[in-house]
Novice: 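Got a structure for you, questions after.
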Amino acid sequence: MPRYYEDKPEGGACAGVKEDLGACLLQSDCVLKEGKSPRQCLKEGNCKALKYSFFECKRSMLDTRSRFRGRKGY
């Protein structure tokens with residue numbers, strides 16, 4: 001669930017997705033119970049939907065069509 005707030009200062013184009021991805025990884029069983037680093041858990045496939053959303057957000061910053069149309073979602 002997105003934790004984006006209107007009164008929150010901007011941290012970049014994909015800051016909301018990045019924050020949600022970090023929170024998802026830190027609250028996952030991989031980090032809490034197995035004691036692995038968030039980076040290892042991300043490589044193992046935890047929080048796939050947010051990882052994909054973050055990738056799409058970063059990619060849309062390079063896509064010239066989306067510059068004119070605007071970023072999708074989030």
Side-chain angles (χ1 to χ4, degrees):
M1 182 157 116
R3 294 182 40 199
Y4 183 80
Y5 305 109
E6 300 232 355
D7 59 342
K8 198 172 182 182
E10 283 288 320
C14 303
V17 184
K18 185 177 182 180
E19 182 180 331
D20 289 344
L21 179 60
C24 176
L25 286 171
L26 290 175
Q27 294 171 358
S28 68
D29 289 338
C30 180
V31 173
L32 295 176
K33 292 183 181 176
E34 297 176 21
K36 295 181 182 178
S37 71
R39 180 174 294 202
Q40 289 173 332
C41 295
L42 189 63
K43 287 182 180 180
E44 290 177 3
N46 292 323
C47 304
K48 284 185 182 182
L50 284 172
K51 180 181 176 183
Y52 182 74
S53 296
F54 185 63
F55 166 76
E56 286 294 323
C57 181
K58 286 293 196 179
R59 189 177 76 165
S60 73
M61 292 169 55
L62 300 174
D63 186 15
T64 52
R65 279 191 309 169
S66 67
R67 286 190 199 169
F68 295 109
R69 295 180 181 175
R71 287 192 330 272
K72 295 184 218 169
Y74 224 90

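Each residue takes its place number in the sequence, starting with 1.
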Novice: Does the side-chain contact (heavy atoms from CB on, under 4.5 Å) test come out yes or no for Phe55 and Lys51, once each step is laid out?
Specialist: CA-CA 6 Å; Phe55 166 76; Lys51 180 181 176 183; 5.8 Å; no
Novice: Does Glu19 reach the main-chain N or O of Gly16 with its side chain, forming a donor-acceptor pair under 3.5 Å?
Specialist: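 No: the side chain of Glu19 does not pair with the backbone of Gly16.
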Novice: Might you point out which heavy atoms bring Leu42 and Asn46 nearest each other, and give the distance in Å?
Specialist: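 Leu42 and Asn46 have their closest heavy atoms at CD1-O, 3.9 Å.
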Novice: List the steps and the verdict of side-chain contact (heavy atoms from CB on, under 4.5 Å) for Met61 and Cys14.
Specialist: CA-CA 9 Å; Met61 292 169 55; Cys14 303; 3.8 Å; yes
Novice: Can you tell me how far CZ of Arg39 sits from CD of Glu44, rounded to the nearest 0.5 angstrom?
Specialist: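 So the gap between those two atoms works out to 13.5 Å.
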Novice: Would you please test Leu50 and Leu25 for side-chain contact (heavy atoms from CB on, under 4.5 Å) and show each step?
Specialist: CA-CA 10 Å; Leu50 284 172; Leu25 286 171; over 6 Å; no
Novice: Look up atom NZ in Lys36 and atom OG in Ser28, then write down how far apart they are to the nearest 0.5 Å.
Specialist: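 Separation between the atoms: 10.0 Å.
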Novice: Would Cys41 and Cys47 count as a disulfide pair, i.e. SG atoms separated by less than 2.5 Å?
Specialist: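 No, no disulfide: SG-SG not under 2.5 Å.
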Novice: Please round to the nearest 0.5 Å and tell me the distance separating atom CZ of Arg59 and atom CZ of Phe54.
Specialist: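 So the gap between those two atoms works out to 14.0 Å.
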